[in-house]
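Sequence positions, counted from 1, serve as the residue numbers for this chain. Being a predicted model, the structure only gives us computed values, none of them experimental.
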Amino acid sequence: MQSVLPSSGKCVFGRCAATQRRPQRATRLACRADGSLNTPSSLIGCHSQVWVGGWDKKDIIKSVEGTKNAGFDLIEVNVSVPEEMDGKLTKEIIEEYGLKSSASMGLSKKHDISSEDNEIVKAGKDHLIQCLEKVKEVGGTYLCGVNYCAMDKYPGPATAKGLKNCTDSLKELTKRAEDMGINWGLEVINRYESNVCNTGLRVNLTASAANLVPSPALIDRVQCTPRCLANDTCTVAYDSICCHFFPASSP
């Protein structure tokens, strides 16, 4: 599966293209009708935690160098704990190796914006704003991941109040992200990690409630169709189907 990162300033739902496996450059080139080579425009990258578990200077160099030497275009940096990241140093090292960057993260229970507890929801929004600020500091333009609920097992389905807290929060956060020139991506995962976005229909309902609409241009490029989006039996497994959306206010 191959996807394309949208232009700066657009908020999207979906699986970031940065995390898809990339074959060698030579095998990705295709010939046009006139015999010339057609180079794909997608940025294909690797998650930073493929290489390391921490993020001190030594870890940053090892992860960025490994990503570069493996032939990727982009590194996806984990910003789940923004207060422990040196964004300036991260940016310097990524630029030194000539890579682009995106960011991903997962919310904890104490930052769950789909919680019924308003204090937890507020803590989650504040945390996500910190994540956005860290993405900006690193020089990225894309934040994807489980940024709509906790990346954890839930004892039951999401409640009506919890879903409303989630979509109301997303309205605020995606607007802030757009103002910062950062794309917002929702990573669709399985029922072992979320009770909000794990089927095509649930993603579609969440997007509609947050005033987001599907982007036909992006849906054409991923393994997901409008028919799939309306099908609640279409279970979305981790790292498989991704669905992208733009804000309703976007042109």
- Task: Take atom NZ of Lys109 as the centre, draw a 6.0 Å sphere, and report whether it contains more than 12 heavy atoms from other residues, nucleotides or ligands.
- Result: yes
- Message: When you measure from the side chain of Asp73 to the backbone of Ile44, do you find a donor-acceptor pair of N or O atoms at a distance under 3.5 Å?
- Response: yes
- Query: side-chain hydrogen bond (donor to acceptor under 3.5 Å, both in side chains): which pairs involve residues 81-90, sequence neighbours left out?
  - Reply: Trp55-Thr90
- Message: Whether the side chain of Ser63 engages the backbone of Ser48 through a donor-acceptor N/O pair (distance < 3.5 Å, no angle test) should be reported.
- Response: yes
- Query: Between Asn78 and Ser80, is a side chain to side chain donor-acceptor pair (under 3.5 Å) present by the stated rule, with each step listed?
  - Reply: CA-CA 6 Å; Asn78 181 12; Ser80 295; 2.7 Å; yes
- What is the distance from atom CD1 of Ile113 to atom CG of Leu170, rounded to the nearest 0.5 Å? 4.5 Å
- Item | Rounded distance [0.5 Å steps], SG in Cys131 versus CG in Leu173 | 10.0 Å
- Message: Could you check whether any side-chain N or O of Asn195 sits under 3.5 Å from a backbone N or O of Gly156, counting only pairs where one atom can act as donor and the other as acceptor?
- Response: yes
- Pick one: which of Glu133, Glu137, Lys134 meets side chain to side chain contact (heavy atoms under 4.5 Å, CB included) with Val79? Lys134
- If we only count heavy atoms from C-beta on, is the Val138 to Met85 side-chain gap below 4.5 Å? yes
- Is the shortest side-chain N to carboxylate O distance from Lys122 to Glu119 below 4.0 Å? no
- Task: With sequence neighbours left out, write down each residue that passes side-chain contact (heavy atoms from CB on, under 4.5 Å) with Lys110, or none if nothing qualifies.
- Result: Ser108
